[in-house]
Amino acid sequence: MYIINFFAKILKFIFDRLFGLISLIFLSPIFLIIGFLVYFDDGLPIFFKQKRIGIKGKFFTMFKFRTMRNGSEKFGTGYYCFENDPRITRTGIFLRKYSLDELPQIFNIIKAEMSFIGPRPPIFDELENEIINKENLKVLNSRIKVRPGLTGYSQVIMRNEGSWNEKLYLDNIYLSHK
């Protein structure tokens with residue numbers, strides 16, 4: 001069983017890198033179009049960079065197309081936004097609706113910081129103010145044993161809604177199948 005898991009992890013790692021490179025090649029025209037839209041809507045920078053917690057608890061910089069006004073994470077509710085948040089740009093509304101703002105995470109996948117599928121990586125200080133249920137503390141430790149994902153089980157089930165405890169419950173279901 002250990003050998004099968006070992007080879008499955010290697011295959012997933014290779015698939016992520018290879019599919020990431022192929023995706024980047026085929027999606028490069030879309031990257032250019034989105035880049036121009038972000039630039040003409042609100043100027044530079046085109047990408048939003050954010051410190052996230054990755055595999056083995058190591059920090060990495062995650063990339064997204066910028067969907068909010070430049071520097072808006074320093075105002076209002078910070079990194080957290082809400083429906084009809086005035087800080088979201090016109091282009092940002094469209095990008096968020098179809099999750100196109102997440103496409104630059106393909107760079108993180110190619111760099112082996114992320115995988116296509118896995119628990120979403122938390123923002124480095126996101127969990128400081130969260131009250132995590134006792135039964136979910138074990139899940140938090142399990143999450144950092146796998147590469148974080150561009151999408152995961154909790155995103156498929158509840159998109160961006162739900163508390164951290166609900167997300168951790170769903171992450172635990174995913175992790176139990178690893």
Phe47-Ile110 co-clustered via ILVMFWY side chain contacts under 4.5 Å | yes
Side chain to side chain, Lys64 and Arg96, heavy atoms closer than 4.5 Å | no
Is there a donor-acceptor contact under 3.5 Å linking the side chains of Ser115 and Lys12?
-> yes
Expected output: side-chain Arg87 to main-chain Phe75 donor-acceptor under 3.5 Å | yes
Rounded to the nearest 0.5 Å, what separation is found between the NZ atom of Lys49 and the CZ atom of Phe60?
-> 14.0 Å
To the nearest 0.5 Å, tell me how far Arg52 CZ sits from Gln50 CD.
-> 4.0 Å
Out of Val38, Ile34, Leu100, which residue meets the side-chain contact (heavy atoms from CB on, under 4.5 Å) rule with Thr91?
-> Val38
Test item: Asp42 side-chain N/O and Asn70 main-chain N/O as donor-acceptor pair under 3.5 Å = yes
OH (Tyr39) with more than 12 external heavy atoms under 6.0 Å | no
Atom CD1 of Ile117: over 12 foreign heavy atoms under 6.0 Å | no
Same cluster (ILVMFWY, side-chain, under 4.5 Å), Leu32 and Ile25 = no
Just how far is it from atom CZ of Arg66 to atom CG of Leu95, taken to the nearest 0.5 Å?
-> 11.0 Å
Aromatic ring proximity, centroids under 6.0 angstrom, Phe63 and Phe48 = no
Mind checking the CG-CD1 spacing from Leu27 to Ile33? Nearest 0.5 Å is all I need.
-> 11.0 Å
Does Ile46 belong to the same Ile/Leu/Val/Met/Phe/Trp/Tyr cluster as Phe40, with side-chain heavy atoms less than 4.5 Å apart forming each link?
-> yes
Any side-chain heavy-atom pair of Gln155 and Ser99 under 4.5 Å | no
With the side chain counted from C-beta on, respond yes when Tyr153 and Asp171 share a heavy-atom pair under 4.5 Å apart, and no when they do not.
-> no
Closest heavy-atom contact between Asp41 and Gly92?
-> OD2-N, 4.5 Å
Could you check if a side-chain atom of Leu103 sits within less than 4.5 angstrom of a side-chain atom of Ile30, using non-hydrogen atoms only?
-> yes
Taking the side chain as C-beta and beyond, is there a heavy-atom pair between Val156 and Thr151 under 4.5 Å?
-> yes
Report yes if some heavy atom in the side chain of Leu37 is under 4.5 Å from a heavy atom in the side chain of Phe94; otherwise report no.
-> no
ILVMFWY cluster, Tyr174 and Phe13 together (side-chain gap under 4.5 Å) = no
Applying ring pair (Phe, Tyr, Trp, His ring centres under 6.0 Å) to Phe19 and not counting sequence neighbours gives Phe15, Phe116
Audit row: Thr89, Met68, side chain to side chain contact (heavy atoms under 4.5 Å, CB included) steps and yes/no = CA-CA 5 Å; Thr89 63; Met68 298 176 80; 5.8 Å; no
Quick one: pull up CG in Asn108 and CG in Asp16 and give me the separation to the nearest 0.5 Å.
-> 12.0 Å
Are Arg17 and Ile109 side-chain neighbours, meaning at least one heavy-atom pair lies under 4.5 Å?
-> yes
Taking every non-hydrogen atom, the tightest pair across Phe65 and Gly35 | CE2-N, 4.2 Å
Got more than 12 heavy atoms from elsewhere within 6.0 Å of CZ, Phe26?
-> no
Going through the checks in order, is the side chain to side chain contact (heavy atoms under 4.5 Å, CB included) test met by Ile144 and Ile55?
-> CA-CA 5 Å; Ile144 63 171; Ile55 192 167; over 6 Å; no
For residues Pro121 and Ile53, determine if any side-chain heavy atom of one lies less than 4.5 Å from a side-chain heavy atom of the other.
-> no
Can you measure from OG (Ser72) to CG (Asp85) and round to the nearest 0.5 angstrom?
-> 7.5 Å
Joint cluster assignment, Met158 & Leu150, ILVMFWY side-chain distance < 4.5 Å | yes
Side chain Thr61, main chain Lys51, donor-acceptor under 3.5 Å | no
Under-4.0 Å salt bridge between Arg120 and Glu102 | yes
Decide yes or no on side chain to side chain contact (heavy atoms under 4.5 Å, CB included) for Ser142 and Asn172, but give the supporting numbers first.
-> CA-CA 8 Å; Ser142 298; Asn172 192 41; 5.7 Å; no
For Cys81 and Ile88 the tightest heavy-atom approach is SG-CD1, 4.2 Å
